[in-house]
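Down below is the structure, laid out as structure tokens.
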Amino acid sequence: MGSLDIQAKKNSEKAERLRTNSALGKRRRWNMNKPLLIMFLPIAIFFILFKYVPMFGFVIAFKDYNFADGILGSPWVGFENYKYLFQNPDTLGIIRNTLVLSALTVFVGFPFPVILAILLNEVRRSWFKRWAQTLLYLPHFLNWVIVGGLVLMLFSIETGFVNTMLERLTGSTYPFLFKESSWITIFVASGIWKTAGWSAIIYLAALTSIDPSLYEAAGMDGAGKWKQILHITLPGLMPTIILMFILNIGNVMDVGFDQVYVLQNPVVVNVAEVISTWNFKVGLGSGQFSYATAMGLFESLIGLTLVLVVNGIARRSGRGLW
């Protein structure tokens with residue numbers, strides 16, 4: 001019995017030491033990570049206050065909201081707001097425009113940052129690379145009001161540079177901003193011009209993780225630049241490409257208010273009216289907050305569904321976001 005008591009005491013002391021070391025380890029990790037947690041705190045507060053707390057306002061989509069009664073006191077109407085929305089003949093057209101413009105922005109514009117990153121990565125003249133990157137990043141810092149003014153300067157019928165040159169060459173002008181097909185083309189192209197250079201930064205960072213010895217080995221085996229890009233660069237970028245594609249799919253229903261509102265005009269409203277501009281006009285312009293919130297909630301649910309579907313497809317190849 002004495003030996004058993006001694007062994008039990010040793011086990012107890014060992015367990016106590018393990019608990020003490022574990023507590024010390026946790027305290028040490030806390031002290032090491034404390035500066036990072038303090039730096040993260042403002043970000044957490046920002047998201048809680050401006051992202052999560054406002055989610056409570058979605059309840060307005062199921063109420064007949066008015067300022068006098070407030071969010072909690074306004075009468076509950078259930079899905080009546082959605083019945084009104086989908087009985088409205090304009091609603092399907094607005095959703096169609098949102099999907100078309102978003103799909104064009106995602107699928108047409110998505111390859112350009114990848115192409116730009118690969119081209120910049122292949123540049124060997126450092127001075128040219130710096131200047132090219134600066135010029136490509138610059139549009140990102142321009143407000144859409146400024147970009148809209150530049151578009152107007154280029155494509156205006158009377159004073160636009162393009163129409164001025166076109167009139168000199170052909171004797172006539174073309175209403176680029178008042179034809180639906182050309183307006184959509186300008187919309188997509190202006191979005192690519194503004195965002196492609198900045199988005200390429202992520203892919204340039206991903207390119208730095210590719211082992212340079214792979215290119216050296218491929219060169220020794222006789223592979224040219226095109227084959228190196230095809231068999232080394234693109235596979236190395238593929239995880240980042242899939243990640244960015246999933247994130248972009250989440251914004252398919254969110255065309256962006258600024259760009260559409262600045263570029264649209266009454267002539268092309270049949271293709272230019274999207275959910276964000278409709279919400280602005282109906283919600284803030286007409287004071288119908290419940291209808292605008294109902295449409296916004298519908299937009300968010302579609303975006304969430306698309307992200308889940310695309311991520312599920314990507315997971316089958318082992319490259320999902322989660």
Side-chain angles (χ1 to χ4, degrees), residues 32-33 35-44 46-47 51 102 104-144 147 188-219 223-252 254 256 258-259 303 306-307 310-322:
M32 290 175 60
N33 294 326
L36 297 175
L37 292 171
I38 293 173
M39 292 173 61
F40 178 73
L41 186 61
I43 306 299
F46 170 82
F47 273 88
K51 299 294 182 180
S102 295
L104 288 173
T105 300
V106 171
F107 293 104
V108 176
F110 186 80
F112 280 87
V114 181
I115 296 170
L116 280 177
I118 293 173
L119 292 176
L120 288 172
N121 188 59
E122 295 297 326
V123 174
R124 294 295 173 261
R125 300 280 185 179
S126 59
W127 65 268
F128 179 80
K129 187 174 184 178
R130 288 195 300 269
W131 276 99
Q133 286 178 312
T134 301
L135 292 174
L136 290 170
Y137 298 164
L138 184 61
H140 170 77
F141 299 99
L142 300 178
N143 189 280
W144 269 114
V147 176
V188 175
S190 62
I192 294 172
W193 177 77
K194 188 176 187 300
T195 60
W198 184 258
S199 300
I201 294 176
I202 297 173
Y203 300 105
L204 283 170
L207 285 170
T208 61
S209 65
I210 300 177
D211 189 354
S213 62
L214 296 175
Y215 293 101
E216 296 175 4
K225 286 293 182 184
W226 172 247
K227 288 189 177 179
Q228 290 179 22
I229 292 172
L230 194 62
H231 297 289
I232 299 175
T233 305
L234 285 178
L237 284 176
M238 195 55 64
T240 305
I241 291 174
I242 292 175
L243 172 63
M244 296 305 298
F245 183 73
I246 293 173
L247 294 176
N248 285 343
I249 285 294
N251 295 322
V252 160
D254 183 17
D258 296 347
Q259 183 183 6
L306 289 173
V307 168
V310 174
N311 185 72
I313 296 172
R315 283 183 62 185
R316 296 182 179 180
S317 62
R319 292 176 174 175
L321 185 58
W322 67 85

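For reference, positions follow the sequence shown, starting with 1. Nothing here was measured: the structure is a model prediction, and the numbers come from that model.
Shown here are the side chain to side chain donor-acceptor pair (under 3.5 Å) partners of Ser190, two or more places apart in sequence or in another chain: Gln259. Applying the ring pair (Phe, Tyr, Trp, His ring centres under 6.0 Å) criterion to Tyr137, with sequence neighbours excluded, gives no partner residue. Applying the salt bridge (Lys or Arg N to Asp or Glu O under 4.0 Å) criterion to Lys225, with sequence neighbours excluded, gives Glu122.
Residue Ala117 comes nearest to Ala200 through the heavy atom pair CB-O, 3.8 Å, listed as atom of the first residue, atom of the second, then distance. Between Phe110 and Met244 the shortest heavy-atom distance is CE1-C, 3.9 Å. The two residues Leu237 and Ala206 have their closest heavy-atom pair at CD2-CB, 3.7 Å. In terms of heavy atoms, Ile232 sits closest to Ala218 at CD1-CB, 3.7 Å.
Side-chain contact between Leu234 and Ile118 is present, with heavy atoms from C-beta onward closer than 4.5 Å. Side-chain contact between Leu120 and Leu207: absent, with no pair of heavy atoms (C-beta onward) separated by less than 4.5 Å. Taking the side chain as every heavy atom from C-beta outward, Phe112 and Thr195 never approach each other to under 4.5 Å. When side chains are defined from C-beta on, Tyr215 counts as touching Ile210, because their heavy atoms get closer than 4.5 Å. The shortest side-chain heavy-atom distance between Gln133 and Leu204 falls under the 4.5 Å cut-off. No side-chain heavy atom of Asn121 sits under 4.5 Å from any side-chain heavy atom of Tyr203.
One finds the OG atom of Ser102 at 10.5 Å from the CZ atom of Phe107 (value rounded to the nearest 0.5 Å). Remark: Lys194 NZ to Leu138 CG distance equals 10.5 Å, nearest 0.5 Å. Between the CD1 atom of Ile241 and the CG atom of Asn248 there is a distance of 11.5 Å, given to the nearest 0.5 Å. Distance check: Arg125 CZ to Arg130 CZ gives 12.5 Å after rounding to the nearest 0.5 Å. Expressed to the nearest 0.5 Å, how far CH2 of Trp193 lies from CG of Leu142 amounts to 5.5 Å.
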